[in-house]
Amino acid sequence: MADYRDMWKSLEMDVEKHDELCEILPKFYGDIYLSQENRPEGMNYFNFVVSEVHGLRIKELLEHKEKNEKVIGTFCVFVPDEVINATGAVSVGLCGGSEFWEPAGEKVLPRNTCPLVKASVGAKISGTCPYFQSCDLIVGETTCDGKKKAWEILNEYIPVHVMDLPQMKREKDNLHWQDEIKLFIERLENLTGNKVTVENLAKSIKLINKKRKVLKRLYDARKANKLPISGKDALLISQIAFYDNPERFIEKTGELCDELDNRIEKGISVFKEDTPRILVTGTPMAIPNWKLHHIIESSGGAVVCEETCTGSRYFENLVKEDGKTLEEQMKALADRYLNINCACFTPNPGRIEDIIKYYKEYKADGVVYFTLPFCQTYATEFKKVKDALDKEGIPVIMIETGYSLQDAGQLKTRLEAFFEMLETNKQAAVSK
Ligand code: BJ8
């Protein structure tokens with residue numbers, strides 16, 4: 001990586017501490033990603049993005065700031081990127097996915113807090129994340145209790161705007177979310193000095209829909225019998241979608257999808273035939289959390305789809321593009337966003353329907369239900385999901401695991417046994 005130390009210093013980062021992170025990441029990435037065989041050529045772009053994750057992309061963000069364009073950090077897929085984009089600001093996803101940041105988070109949060117929250121807060125207060133340091137405003141939301149209370153602490157370090165997400169999906173909740181979108185627009189207009197208009201919002205809605213469409217195309221390629229791309233690579237692309245320049249991301253992912261279509265036509269796969277196909281569902285996997293996918297794919301499974309916020313919840317359903325007034329556009333945004341089935345909603349039957357639908361569409365053989373430790377909403381929702389999957393005869397295993405690799409061996413053993421069972425089921429079905 002080029003020498004970005006001066007840039008990091010200008011962001012008031014703890015450069016020495018940050019060096020420690022820079023030392024770990026390339027080896028970690030190399031072991032997990034570069035060791036894969038027969039990867040699509042198009043992954044070279046994403047390798048490059050990772051290699052420059054704290055370099056070139058930050059330089060680009062700082063160039064935006066020089067032009068007085070603001071950088072807005074987000075933590076949840078409910079925050080409408082369309083609005084951020086319409087005010088000429090740049091949106092970046094900030095969820096922390098590394099164990100490296102947890103100790104700093106634990107200085108101000110209870111230890112029994114979800115690692116995603118601890119790492120996100122830790123990334124800011126340790127001054128080791130250039131994305132946080134580049135942000136002019138961060139946007140929280142009222143989803144789980146851990147996040148909700150963390151915003152109050154983060155607000156001591158950086159301005160935070162909190163969007164009050166309803167926890168039910170009635171008509172009045174939809175109206176409330178439209179109201180929240182309106183308040184968000186006002187806050188961003190004040191910050192940026194730019195007005196949201198029907199024209200610039202329509203343009204942004206189209207752009208973000210395009211990003212959703214290309215991600216959907218990538219996921220559709222994973223429905224093929226012969227998988228042209230690993231689950232690990234698909235996960236990486238989803239994670240990069242949260243902070244890359246959207247136009248470039250759409251272009252590069254589109255090119256990769258062309259290559260994948262070609263591979264499908266020729267029957268090129270990255271897995272051996274009959275590898276059990278796994279649908280992962282649950283809590284998000286923020287970059288660089290590649291742990292579960294890596295364990296699954298080095299234990300005899302192949303991940304074909306993620307029903308997570310770093311997966312289908314991020315791109316499914318488009319925002320209607322035909323709004324003629326700001327009110328209509330805000331309604332269209334609220335309608336699309338309130339269609340996301342996060343476990344923070346009660347009741348949440350849509351998520352179960354999605355899991356069953358994806359299981360069939362992606363021709364999965366089993367489901368891995370993933371939850372980060374101390375995530376009560378997803379852990380509690382497991383019972384409802386399992387009951388529904390049992391009724392459908394869909395095998396499921398629950399894996400609760402954090403960022404540390406300490407339990408990797410144990411998880412591998414459990415997953416290998418699960419995959420063996422899936423293979424036996426498959427053979428039994430064939431011989432019937
Ligand atoms: S829409 S999943 S991004 S809230 S894993 S911090 S819920 S304790 S991340 Fe999430 Fe939005 Fe829902 Fe998606 Fe809390 Fe659970 Fe941690 Fe979570």
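All ligand and atom numbering here is 1-based and tracks the order in the structure. Just so we're clear, the structure is a prediction, and the values are computed from it rather than from any experiment. Along the sequence shown, the residues carry numbers beginning at 1.
- Taking 2.8 Å as the criterion, C309 counts as a coordinating residue of atom 13 (Fe) of ligand 1, since one of its N, O or S atoms falls below it.
- For atom 9 (S) of ligand 1, the closest non-hydrogen atom of the protein is P284 CG, 3.5 Å.
- Taking 4.0 Å as the cut-off between side-chain N and carboxylate O, K182 and D179 do not count as a salt-bridged pair.
- For K211 and F315, the positive end is not near the middle of the six-membered ring at less than 6.0 Å and at most 45° from its axis.
- Given atom 11 (Fe) of ligand 1, the protein heavy atom at minimum distance is C76 SG, 2.4 Å.
- Looking at atom 12 (Fe) of ligand 1, its nearest protein heavy atom turns out to be C342 SG, 2.2 Å.
- A salt bridge is defined here as a Lys NZ or Arg NE, NH1 or NH2 lying under 4.0 Å from an Asp or Glu carboxylate O, and E52 with R57 fails to meet this definition.
- Ligand-side atoms of ligand 1 in range of F78: 1 (S), range being under 4.0 angstrom from any heavy atom.
- Annotation: atom 2 (S) of ligand 1 to nearest protein heavy atom, Y378 OH, 3.3 Å.
- Between the N200 side chain and the K195 main chain, a donor and an acceptor come within less than 3.5 Å of each other.
- Using cut-offs of 30° and 60° for the angle between ring planes, the W151 and F75 rings count as tilted.
- Within the protein, the number of N/O/S atoms found under 2.8 Å from atom 14 (Fe) of ligand 1 is 1.
- The side-chain tip of R187 does not point at the ring of F184 from less than 6.0 angstrom away and within 45° of straight on.
- For K124 and Y157, the positive end is not near the middle of the six-membered ring at less than 6.0 Å and at most 45° from its axis.
- Q329 and K320 share no side-chain donor-acceptor pair at under 3.5 Å.
- One finds a salt bridge joining K216 and D220 here, because a Lys/Arg side-chain nitrogen approaches an Asp/Glu carboxylate oxygen to under 4.0 Å.
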